[in-house]
Amino acid sequence: MTHQVTAKSNIDFCATGVDEVLQNVAYILSTFVMSYPEKRVRDKKKEMEVPFQIAKRRNTARIIDSIKRFEPRAVVIDVDYLGDVFIGKLEPIVKVIVNG
């Protein structure tokens with residue numbers, strides 16, 4: 001069964017099974033970019049110089065790598081984005097299949 005996941009901020013500490021895996025993926029989506037402040041400032045300038053489609057592909061690769069690394073029970077099927085590039089807000093929407 002395919003599940004659609006977006007980032008979320010609330011955590012259910014009692015989640016088990018498929019719900020636990022989906023919650024972990026959602027948490028990864030909300031935190032997959034390094035939270036190291038100095039790196040954000042340095043890299044922000046570089047990212048602004050990259051064309052949107054290339055930045056989107058890089059972001060998609062980061063999402064897939066993070067999910068493979070931190071939640072191997074979820075297999076990524078597709079990554080899409082919701083939002084508007086012109087206002088600078090894109091939210092990843094990930095379709096996954098849960099194994100185990």
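All figures in this text were calculated on a predicted structure; none of them were measured in a lab.
Atom NZ of K68 has 12 or fewer neighbouring heavy atoms from other residues, nucleotides or ligands inside a 6.0 Å radius.
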Listed pairs under 3.5 Å, donor-acceptor, residues 76-83 side chains, sequence neighbours left out:
| unit_1 | atom_1 | unit_2 | atom_2 | d |
| --- | --- | --- | --- | --- |
| Y81 | OH | N59 | ND2 | 3.1 |
| Y81 | OH | T60 | N | 3.3 |
| Y81 | OH | T60 | OG1 | 2.8 |

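Between A15 and E20, the closest heavy-atom pair is O-CB, 3.7 Å. Taking every heavy atom of both residues into account, V5 and L29 meet most closely at O-CD1, 3.6 Å. Minimum heavy-atom separation, A74 to V25: CB-CG2, 3.6 Å.
In this structure, the separation between CD1 on I63 and CD1 on I93 is 10.5 Å, given to the nearest 0.5 Å. One finds the CD atom of E71 at 9.0 Å from the CG atom of L22 (value rounded to the nearest 0.5 Å).
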Steps toward side chain to side chain contact (heavy atoms under 4.5 Å, CB included) verdict (R73, N24): CA-CA 10 Å; R73 296 174 290 178; N24 292 345; 3.6 Å; yes
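Side-chain contact between Y27 and I11 is present, with at least one heavy-atom pair separated by less than 4.5 Å. Considering only heavy atoms from C-beta on, V21 stays 4.5 Å or farther from H3 through its side chain. Counting heavy atoms from C-beta outward, D12 and D19 have side chains that stay 4.5 Å or more apart.
Criterion: ILVMFWY side-chain heavy atoms under 4.5 Å apart, direct or through other members. Under it, V98 and V75 are not part of a common hydrophobic cluster. The hydrophobic clustering, which links ILVMFWY residues whose side-chain heavy atoms are closer than 4.5 Å, places F70 and I97 apart.
Legend: residues meeting side chain to side chain donor-acceptor pair (under 3.5 Å) with Q23, ordered by chain and number and at least two apart, are absent.
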